[in-house]
Amino acid sequence: MGVLRRYFGYEHFRGFQREVIEHVLGGGDALVIMPTGGGKSLCFQIPSLLRPGVGVVISPLIALMQDQVGALRQNGIRAAFINSSLSGWEVMQVVNEAQSGALDLLYMAPERILLDSSLDLLSRIPVVLFAIDEAHCVSQWGHDFRPHYLGLNVLAERFPNVPRLALTATADPPTRSEIIARLKLEGARQFIAGFDRPNIRYRVTIKDNPKKQLQTFLEQEHRGDSGIVYCLSRARVDEMARWMVAQGFPALPYHAGLDNETRRRHQERFIFENGTIMVATVAFGMGIDKPDVRFVAHLDLPKSLEAYYQETGRAGRDGLHADAFLTYGLEDVVLLRQLIEGSQAEERIKKIEHRKLESMIGFCETSHCRRRVLLGYFGDNHPHSCNNCDTCLTPVTTWDGLVVAQKALSCVFRTGQRFGAVHLIDVLTGKANEKVLKFGHDKISTFGIGKELTTNEWRSVFRQLVAGNYLEVDLEGHGGLRLCEASRPVLRGEQPVFFRTDVILPKKARKGSKPANTERARSLASHTSQQEGLWEALRSMRLELAKEQNVPPYVIFHDATLHEIVAAMPTTLDELGRIHGVGTRKLKNHGERVLQIVSAYRS
Ligand code: ADP
Ligand code: ZN
């Protein structure tokens, strides 16, 4: 379709964008579920451009609205928003534009659209469609619940002939049913995309020295990139951010303990500057539309695969290669199990939380394709290995660990079932240190029977025994290990036990393993120094333009677009116009400047 090319500079529709657009143009309602970065916005933007009248978009966050409207205007689309940040006079102006047919898209906050005056206004202008973005905000059980979303069913009553779309990335079946019921979308066609984010490379590294591991990862693979580092607590965030700054990384802390102004400033720098790293608790993320987040690192284990998927999903919205990096160790398993057990929640809730944590641990411990485990958890089949996760790229071997497991379990038993892994390993490897002597553990039968393994290998064994529930952690006390039901068949030799061979140190980025299999991503991996120079020059130009116009750099051009320019080295406006992400308006506004820069790098 010409509109896609002209306004957005894209060649093809993605996934079922085309089907949704045709369905809506035909007057139908739709529930659209696509993963983050899937391209939901085009589903309502294009019909609004094609039909006379205004597409009305309901969006929960003011910051998000301003971003989207800013980006649309850059593409020459007539968009505006009405929210509490506008003065009465500015609202009047927007209303006039809407009435006189000078607007294609109008963004509104839910509380605003529910006012009688707004509903009256909408009944006086031709509304092409209602798009309810982040539709999972109607769910009272979800963490993004917005009470005003519940009132949106009024749209069905007041505007029965206007197509309505509900869009979200949250796809579990209960939320889906809730959206349908609360928004009166019983007759809507459902468009549900798979969960896969093929450009994200999942990697779980065994925790050894997490700071160092992160540093190596960033220095080898993400120099100058923007990303998010998630930590479990505010204190850890503060400490980590300080440490990263001391190492020379442009890192900023973000958590609910910081005052509003600091948080706003940090978020703004993250969005507006190139290469900023946000160190954050889970409080950071909702409404972060930044497409060029190149990595999401977790230094602490998330509590569930839902949380992990959502947080890692903030990487690589632009479809270019991105990394999800997690460090994980026995201490995470112990700590999170303790947190659940020590919480005030009902037993029923604790059980659910334990089960969720188990799935998260299973993902970390798997020796199979991580993507397959992750998607399988959400009910998506991924029939083959993905070739873009650590276990696919560096296959994990497993080894028969029955005898070793028996040694470990008997050592737990002989020492009285109250010591942690560090002490047990000292006993097994025959270290007659002070603590071992104090308890007389140099005299027991398991002293020194495990010298065939190194301390690190034993740590891996204990972690896997705990993760696999062959050993229980004393959650009330000091986290000592004790036997449980599942230990018995192992001790009796009736239950085979296999351990994965951990890769402890972060491997150097492997030259042979291409990032995601897109043309653009490949060009990213193989820049010559001349291309590197052009890339940097284009980035500075973009930053300048962004500052002039007070918009985030990615609103001027996406990284993907700059990469394509570097690869194609266009000489004419016509050639430049064929690059993805260069629509008519951007060609006119920035085309000459881009060509000038490119010509300076042609040799
Ligand atoms: P979502 O709202 O589903 O998270 P967006 O609508 O913000 O995703 O789109 C994610 C990114 O993908 C945006 O940068 C958008 O410009 C880009 N995109 C969307 N559709 C296409 C397409 N058909 N071709 C290329 N890029 C696209
Ligand atoms: Zn894989």
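Every number for a ligand or one of its atoms is a count from 1 in the order of the listing.
Which parts of ligand 1 touch F13 is read off a 4.0 Å heavy-atom cut-off, strictly below it: atoms 23 (N). Near H12, with a cut-off below 4.0 Å to any heavy atom, the atoms of ligand 1 are 22 (C), 23 (N), 24 (N).
Although no hydrogens or angles enter the test, the distance criterion places no donor-acceptor pair under 3.5 Å between the side chain of T398 and the main chain of F499. For the pair E311 (side chain) and E306 (backbone), a donor-acceptor distance under 3.5 Å is absent. Remark: side-chain polar atoms of N83 are paired, donor with acceptor, to backbone N or O of S85 under 3.5 angstrom.
Between the SG atom of C389 and the SG atom of C386, the angle centred on the Zn ion (ligand 2) amounts to 110° when rounded to 10°. Geometry about the Zn ion (ligand 2) gives an angle of 100° between SG of C369 and SG of C392, rounded in steps of 10 degrees.
Donor-acceptor pairing under 3.5 Å is lacking for the side chains of S226 and T276.
The N/O atoms of G39, backbone and side chain alike, include one that comes under 3.5 Å of an N/O atom in ligand 1. For ligand 1, the polar-atom distance check finds no N/O of P291 at less than 3.5 Å from any of the ligand's N/O atoms. Close N/O approach between T36 and ligand 1 is not found [any backbone or side-chain N/O within under 3.5 Å]. Below 3.5 Å of separation, one finds no N or O of D318 facing any N or O of ligand 1.
A salt bridge does not link E111 with R146: every distance from a Lys NZ or Arg NE/NH1/NH2 to an Asp or Glu carboxylate oxygen is 4.0 Å or more. A salt bridge is defined here as a Lys NZ or Arg NE, NH1 or NH2 lying under 4.0 Å from an Asp or Glu carboxylate O, and D559 with R542 meets this definition. Using a 4.0 Å cut-off between a side-chain N of Lys or Arg and a carboxylate O of Asp or Glu, R370 and D390 qualify as a salt bridge.
The closest non-hydrogen atom to atom 16 (O) of ligand 1, taken over Y554, Y10, F44, F8, comes from Y10. Within the set P35, A560, S41, G15, the minimum heavy-atom distance to atom 2 (O) of ligand 1 is found for S41.
Neither the backbone nor the side chain of E11 has a heavy atom within less than 4.0 Å of ligand 1.
Figure legend: cation-pi geometry between K290 and Y554 absent, as NZ or CZ is not positioned both under 6.0 Å from the six-membered ring centre and within 45° of its axis.
Within the structure, ligand 1 lacks M34 among the residues with a heavy atom less than 4.0 angstrom away.
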